[in-house]
Amino acid sequence: MSQSALDHTPNATAIQIEKMSKWFGTFQVLCDIDLTVSHGERIVICGPSGSGKSTLIRCMNALEEHQDGKIVVDGTVLSSDLKNINKVRSEVGMVFQHFNLFPHLTILENCTLAPMWVRKTPKQEAREIAMHFLEKVKIPEQADKYPGQLSGGQQQRVAIARSLCMKPRIMLFDEPTSALDPEMISEVLDTMIQLAEDGMTMLCVTHEMGFARKVADRVIFMDQGHIIEQNKPEEFFNNPKSERTKLFLSQILGH
Amino acid sequence: MNFFETFLNWEVILRIYPMLMKGIGNTVALALTIIIAGGIAGVLICLFRLYGPKWLRWLAIVYIDVFRAIPILVLLVLIYYALPFLGIRLNGFASATLALGLVFSSFTAEVFRAGIQAIPKGQTEASEALGLSFGVTIWKVILPQAFRIAIPPHTSNAVAIAKDTSLASVVAMPDLLKQATDAQALTANPSPLIAAAIMYLIVLLPAVRLVSYLEERFRNDGKAA
C-alpha cells in the first residue's frame with residue numbers, strides 16, 4: 001500500500017505509550033505499560049488469553065479508555081477530547097477478530113462509507129480507491145456482493161481493504177485469524193505479509209508464530225497486564241528470557 | 001323484514017354510501033398521520049432513550065412507560081374533555097392524532113430499542129475505528145440494521161393503531177365508525193354498521209397479510225437484501 005506509507009519518516013515515532021494503566025472496574029487489565037513504536041515497524045503481540053493484549057491495542061485508537069499514563073499516536077495525545085480521538089481513529093486502521101463488516105452494505109459500500117463521510121471524498125473517487133484496495137486484497141470481483149455471501153477469509157480481506165481505504169499510517173490487528181477456518185488463515189496472512197512488505201506500521205495481536213517469525217521486527221509477550229518480554233523474533237523464539245515466556249512458547253509451539 | 005333487509009339492505013347502503021366513504025377517508029388520513037408522525041417521534045425518543053444524557057434517558061423511559069400503560073380511550077377522553085379546562089381546545093382529529101400518536105410513538109420507541117440492541121457491538125466499534133462520527137454511525141450503520149429487525153413488529157403495531165382509530169368516534173371525529181353509527185341512527189337500520197365492518201376489513205386484511213409477509217421475509221436476515 002505504497003500510497004498510504006509514502007510520507008512516513010523512517011524511525012519517527014508512530015506510537016508512544018508511557019506508564020499507561022487501565023482498569024475494568026476494580027480489576028487492573030494493564031499495568032504501567034511503556035511502549036514505543038516507530039513508523040514502519042511491525043510488531044506482534046502475543047500472550048495467554050486475559051493478558052491484556054487486545055485491550056492494549058484497543059487503547060491505541062481509544063476503543064478502550066485508559067485511566068492512567070499517556071498515549072501519543074502520531075503526535076496526537078489521546079485524551080477524552082473527541083476531536084483528537086476522531087483524528088487518531090481516521091489515521092489508525094483496525095481489523096477485528098470477527099471482521100465487523102456492515103452486513104447491510106455491499107463490499108464496495110463498506111469500503112467507501114468512511115472515506116465519503118470522514119474524508120469527504122467524492123463518491124466516484126472513493127469507489128476508485130475502494131477498487132484499488134479490493135484488488136490489493138485480491139477480491140475486486142466481489143465488490144457488489146454482501147458480506148454474508150463471502151467466506152470468512154474473504155470477509156477479513158475486505159475488512160483489511162476497508163481500513164486501507166482511509167489511507168491509515170498505522171494498522172492494528174486484533175486476532176485477525178482467530179475466527180477463521182484453518183484453510184482460510186493463509187490467505188489473510190498473505191495479505192498482511194504483503195502489507196508489511198509495503199512498509200505499513202503494524203501491530204498485530206496474534207498467535208500465528210510463523211507470521212511473527214516472517215514479518216515481525218519485534219515480538220512482545222504479555223501476561224497479566226504486563227509486558228514481560230520483547231525482542232527480535234529469532235531471539236524471542238530461540239532464546240526466551242523469562243520463565244513465563246518459555247512456558248507460553250512451549251504451550252503454543254509444543255504440538 | 002327479513003335478514004337481508006335488516007342487515008344487508010342495499011337501498012340503505014347505497015343511500016349512506018357517501019357518508020361511509022367520507023368516514024373511511026378520515027380514518028385512513030388519521031391512521032397515516034399517526035403512523036408517520038408517531039413513527040418519527042418514536043425513533044427519536046428511542047435514540048434519546050439509548051444515547052441521550054442521563055436526564056433525557058430518564059424522561060424517555062417515563063414517557064415510554066406512561067404511554068404504554070395508559071388505555072388509549074382514557075387518554076383520548078382526557079385530551080378531548082379535560083384539556084379544555086386548561087384552555088387547550090383540540091378538535092376531534094387533533095385530539096385523536098395526539099392521543100394515538102403518543103401511544104404509537106412509545107410502542108415504536110420500544111420496538112426500535114430492541115432492534116438497535118440486537119445489533120452486535122462490533123458494528124459500533126468498527127464505525128468508531130473508522131473515525132465515523134456518532135451521527136453517521138447512527139444514520140448509516142445502526143438505524144438501517146435496526147429497521148430490518150424492527151420492521152415486522154413495527155408494522156404489526158401500525159396495524160393495531162390503525163384499528164384503534166375507531167376510538168376517535170368517541171370524540172366526535174367523523175371517522176368510519178362514527179359515520180356508520182350516525183347513518184344507522186339516520187336510517188334506523190344496522191346495515192351501515194355491517195358495511196363499515198366490511199370496509200375496515202377491506203383496508204386492514206391486506207395490512208395484516210403484509211405483516212405476515214414481512215415477518216417471513218426478514219426472518220432470514222443479514223443475507224443479501
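Throughout, protein chains are lettered first and strands after them, A, B, ... in sequence-line order, and every chain is numbered starting at 1.
Residue A/R119: no heavy atom, backbone or side chain, is found under 4.5 Å from chain B. Contacts of A/V95 with chain B are absent, with no heavy-atom separation under 4.5 Å from either backbone or side chain. In this structure, no portion of B/T124 lies under 4.5 Å from any heavy atom of chain A. Neither the backbone nor the side chain of A/L172 has a heavy atom closer than 4.5 Å to any heavy atom of chain B.
Atom CD of B/Q117 has more than 12 neighbouring heavy atoms from other residues, nucleotides or ligands inside a 6.0 Å radius. Residue B/R89 qualifies as open at atom CZ: its count of foreign heavy atoms under 6.0 Å is 12 or below. When the shell of 6.0 Å around OH of B/Y81 is examined, it contains more than 12 heavy atoms from other residues, nucleotides or ligands. The local environment of CH2 in A/W23 is crowded, with over 12 non-hydrogen atoms from other residues, nucleotides or ligands closer than 6.0 Å. The environment of B/Y51 atom OH is dense: over 12 non-hydrogen atoms of other residues, nucleotides or ligands sit within 6.0 angstrom.
Across every non-hydrogen atom of B/A126 and A/F96, the tightest pair is CA-CE1, 3.7 Å. Closest approach of B/K140 to A/W117, counting heavy atoms only: CE-CZ2, 3.2 Å.
In this structure the side chain of A/P103 reaches within 4.5 angstrom of the side chain of B/Q123, judged on heavy atoms. Considering only heavy atoms from C-beta on, B/V141 comes within 4.5 Å of A/L113 through its side chain. B/P144 has its side chain out of reach of A/F102: every pair of non-hydrogen atoms, C-beta onward, lies at least 4.5 Å apart.
Looking at B/E128, its side chain never comes within 3.5 Å of a backbone N or O of A/N61 through a donor-acceptor pair. No donor-acceptor pair closer than 3.5 Å links the side chain of A/H104 to the backbone N or O of B/R148. Judged by distance alone, with hydrogens and angles left aside, the side-chain atoms of A/N100 form a donor-acceptor pair with the main-chain N or O of B/G122 at under 3.5 Å.
With B/L130 as the partner, the side-chain contact (heavy atoms from CB on, under 4.5 Å) test is satisfied by one option alone out of A/M94, A/M166, A/R89: A/M166.
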